[in-house]
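In what follows, residues are counted from 1 in the order of the sequence shown. Computed from a prediction, not measured in an experiment: that's the story for all the values here.
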Amino acid sequence: MRKTFDAELLELNEALTAMARTAQDAIDVVTESLSTDDEAHAKAAIDMTASMDQMERDIENRCLQLLLRQEPGARGLRAPRRPVARDLRAISAAMKMVTDLQRIGDQAANIAEISLLFSRQGEVKVPQDIGVMACKAGLMVRQAISSYTGRDVETAHAVVNLDDEVDELFRKIKGDLINQVADNLDEADLSIDFIIIAKYLERIADHAVNIAQWAIFCVTGEL
């Protein structure tokens, strides 16, 4: 009984990792579309995030099944062995984390929609700091899920700390673009689009922090 439960927990981890990988790939692809004005990359990112809807449903179903199968009197089970506290924490955390992953996908799709507009406007020069910010946000997503699947509190704390760097980049980008608008009103719409993109990346980082904090909860039991 315990072996079956452990195997299903492992499958849950693998499903979460796959969803996180899709989210990170979408971030990478949409970042590439911004720097190359490539409409195909932007559309690919949107397609990737669309597939995350089904992933979210599948993972939520896995979590519910894991909980239901451990209930006393569950059909087809003899003297079911209830999960220990850390198992329940892992499952409840996964149900929270999948929502953050879905929202990360939504933010990547939003960036892709703006990138599609850029691709139709001709050559657009993207601020270098936005590319740096996107790389850091993608790294945070990857490390956050790794901290959960590996029950690695140290890596989870590293994700939380990295968020400060992303926040600082956002403040710098916003300040630079506001000054740019003041100097050149003709480029105001483009500057505002870049601020919006930077805000989406900041939100992606925030969701990665949420995931990391749930990873810490899995190990310590503390929020």
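Side-chain contact between N13 and Y148 is present, with at least one heavy-atom pair separated by less than 4.5 Å. Between N110 and I197 the shortest side-chain heavy-atom distance does not fall below 4.5 Å. Taking the side chain as every heavy atom from C-beta outward, S51 and T22 approach each other to under 4.5 Å. Considering only heavy atoms from C-beta on, I59 comes within 4.5 Å of M19 through its side chain. Taking the side chain as every heavy atom from C-beta outward, V209 and L162 never approach each other to under 4.5 Å.
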Inset, instruction - Tell me, with the steps shown, if V166 and L201 meet side-chain contact (heavy atoms from CB on, under 4.5 Å). - result: CA-CA 8 Å; V166 173; L201 290 171; 5.8 Å; no
Inset, instruction - Take F118 and F194, measure what side-chain contact (heavy atoms from CB on, under 4.5 Å) needs, and give me the verdict at the end. - result: CA-CA 11 Å; F118 287 170; F194 285 140; 3.5 Å; yes
Inset, instruction - Report the C-alpha separation of S147 and T155 in whole Å, then their side-chain angles, then the decisive distance to 0.1 Å, and conclude whether the side-chain hydrogen bond (donor to acceptor under 3.5 Å, both in side chains) test is met. - result: CA-CA 6 Å; S147 70; T155 297; over 6 Å; no
Inset, instruction - Please assess L101 against I145 for the test side-chain contact (heavy atoms from CB on, under 4.5 Å), listing each intermediate value before the final yes or no. - result: CA-CA 10 Å; L101 285 172; I145 286 295; 4.0 Å; yes
Inset, instruction - Show the numbers, then the answer: is there a side-chain contact (heavy atoms from CB on, under 4.5 Å) between I192 and L177? - result: CA-CA 8 Å; I192 291 171; L177 290 171; over 6 Å; no
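Heavy-atom minimum distance, A108 versus I204: N-CD1, 4.3 Å. The two atoms that bring M52 and G105 nearest to each other are SD-CA, 3.9 Å, heavy atoms only. Closest heavy-atom contact between T49 and I46: OG1-O, 2.8 Å. In this structure, A215 and A156 approach most closely via the heavy-atom pair CB-CB, 4.4 Å. In plain terms, the two heavy atoms of A212 and V160 that are nearest each other are CB-CG2, 4.3 Å. In plain terms, the two heavy atoms of V159 and M140 that are nearest each other are O-CE, 3.5 Å.
Taken from CG in D193 to CD1 in I114, the straight-line distance is 5.5 Å, to the nearest 0.5 Å. Rounding to the nearest 0.5 Å places CG of D176 at 8.5 Å from CD of Q180.
M48 and I27 fall into different hydrophobic clusters, where Ile, Leu, Val, Met, Phe, Trp and Tyr are joined by side-chain heavy atoms under 4.5 Å apart, directly or via other members. The hydrophobic clustering, which links ILVMFWY residues whose side-chain heavy atoms are closer than 4.5 Å, places V30 and I173 together. I196 and V124 fall within a single hydrophobic cluster, where Ile, Leu, Val, Met, Phe, Trp and Tyr side chains are chained together by heavy-atom contacts under 4.5 Å. A chain of hydrophobic side-chain contacts below 4.5 Å, direct or via other Ile, Leu, Val, Met, Phe, Trp or Tyr residues, connects F217 to L66. Linking ILVMFWY side-chain heavy atoms closer than 4.5 Å, directly or via other members, places L10 and V219 in two distinct hydrophobic clusters.
Donor-acceptor pairing under 3.5 Å is recorded for the side chains of D106 and Q102. A donor-acceptor contact closer than 3.5 angstrom links the side chains of Q54 and D58.
Residue pairs meeting the salt bridge (charged side-chain N to carboxylate O under 4.0 Å, His left out) criterion with at least one partner in residues 129-143, sequence neighbours excluded, are D129-K172, K136-E165.
Although no hydrogens or angles enter the test, the distance criterion places no donor-acceptor pair under 3.5 Å between the side chain of N61 and the main chain of R57.
With ring centers used as reference points, F170 lies 6.0 Å or more from Y200.
Using a cutoff of 4.0 Å between basic side-chain nitrogens and carboxylate oxygens, E202 and K199 are scored as salt-bridged.
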